Structures are given as C-alpha cells and as structure tokens.
Amino acid sequence: QVQLVESGGGLVQAGGSLRLSCAASGGTVSSYTMGWFRQAPGKEREFVASISWSGGITYYADFVKGRFTISRVNAKNTVYLQMNSLTPEDTAVYYCARRQAGIYDYWGQGTQVTVSS
C-alpha cells in the first residue's frame, strides 16, 4: 500500500518561503510522475506542479509565476516543493500525489500553508 505524507507546511509572513516535502512509504515513487496540488477553503483543488520520474520534465501552474520549484530525490522516495515570495493567495492545503497511467491515483493527507498579510 503506497502512502504519501506531506510535511513542511506552517504559518509564514507574506514574502517568506517554505519547503514542502512528500515522503513515500510502502513502495517507491522513483518510477512515477509526482505532482503537487492545493485547495483553498470553498475552492476546487488545483494543480500546482509536477515532475517526471527522472526529474527532467517539470510543469507549473501559471499562478506560480516562477516562485515555486519542484524537485525530487528518488533515493529518498521524496518530492519537494520550494515556495518563495509567498502571498496570502497561496494559503491552502497542499497535497502531493502519484501519477500512474495518466491519472493521480494516490494522494497524501495534505499539509496546511498559511500566509499572513
């Protein structure tokens, strides 16, 4: 059973930075594309970023505007999301997920990111 656990969220002032981690257990994520999503209260979950198994292909949502960087260390079964220049609009629960055959089939529990203004 694949389990994904996010960490690194918290309360940060506008303009600050956070580094989220997504650790996999019960298997490996090295052969899978991994993605980060977020969901604010009352809104639909939205795509943030994804990274291929090799780390060579990445995609970002337009609203990231060069502020976020996704990376992975397969030897640690871990995916990261470096978030810089945070704004209150980034406040949301952030989730990591594993992509298989074109769909995200496993999801973490989420980690809360709150940006104060």
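Remember, it's a predicted structure, so these values are computed and weren't measured experimentally. Quick note: numbers below take in every heavy atom, side chains included, and nothing from hydrogens, waters or symmetry partners.
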Pairs meeting criterion side chain to side chain donor-acceptor pair (under 3.5 Å) with involvement of residues 106-117, two or more places apart: E6-Q109, Q112-T114

Qualifying residues under side chain to side chain contact (heavy atoms under 4.5 Å, CB included), relative to A40, sequence neighbours excluded: K43, A92

Which atom of I51 lies closest to which atom of S71, heavy atoms considered: CD1-CA, 3.7 Å

Disulfide bond (SG atoms under 2.5 Å apart) contacts touching residues 72-117 (sequence neighbours left out): C22-C96

From S7 atom OG to R19 atom CZ, the distance as rounded to the nearest 0.5 Å: 11.0 Å

Co-membership, hydrophobic cluster, residues V5 and W36, 4.5 Å side-chain: no

Connected via hydrophobic side-chain network under 4.5 Å: L81 and V12: yes

Under the salt bridge (charged side-chain N to carboxylate O under 4.0 Å, His left out) test, residues paired with R45 that sit two or more places apart: none

Counterpart residues, salt bridge (charged side-chain N to carboxylate O under 4.0 Å, His left out), relative to E46 (two or more places apart): R38

Salt bridge (charged side-chain N to carboxylate O under 4.0 Å, His left out) contacts touching residues 78-88 (sequence neighbours left out): none

Spatial distance of atom CD (Q39) from atom CD (E44) [nearest 0.5 Å]: 6.5 Å

Cluster check M83, F47: I/L/V/M/F/W/Y, side chain < 4.5 angstrom: no

Heavy-atom closest contact (S50 atom, Y104 atom, distance): CB-OH, 3.6 Å

Pairs touching residues 57-85 that satisfy ring pair (Phe, Tyr, Trp, His ring centres under 6.0 Å), sequence neighbours left out: none

With sequence neighbours excluded, residues passing side chain to side chain contact (heavy atoms under 4.5 Å, CB included) with S85: R67

Interatomic spacing from CG in N77 to CG in L4 - rounded to 0.5 Å: 10.0 Å

Closest heavy-atom pair and its distance - S21, T78: CB-CG2, 4.3 Å

Over all atoms of both residues, closest heavy-atom pair of A97 and F37: CB-CE1, 4.3 Å

Joint cluster assignment, L18 & V79, ILVMFWY side-chain distance < 4.5 Å: yes

Q100 atom CD: more than 12 heavy-atom contacts under 6.0 Å: yes

Pairs satisfying disulfide bond (SG atoms under 2.5 Å apart), at least one member in residues 41-85, at least two apart: none

Heavy-atom closest pair, residues V48 and V64: O-CG2, 3.9 Å

Contact list for residues 108-117, test salt bridge (charged side-chain N to carboxylate O under 4.0 Å, His left out), sequence neighbours left out: none

Pairs satisfying disulfide bond (SG atoms under 2.5 Å apart), at least one member in residues 38-74, at least two apart: none

Residue pairs fulfilling salt bridge (charged side-chain N to carboxylate O under 4.0 Å, His left out) with at least one residue in residues 104-117, sequence neighbours excluded: R98-D105

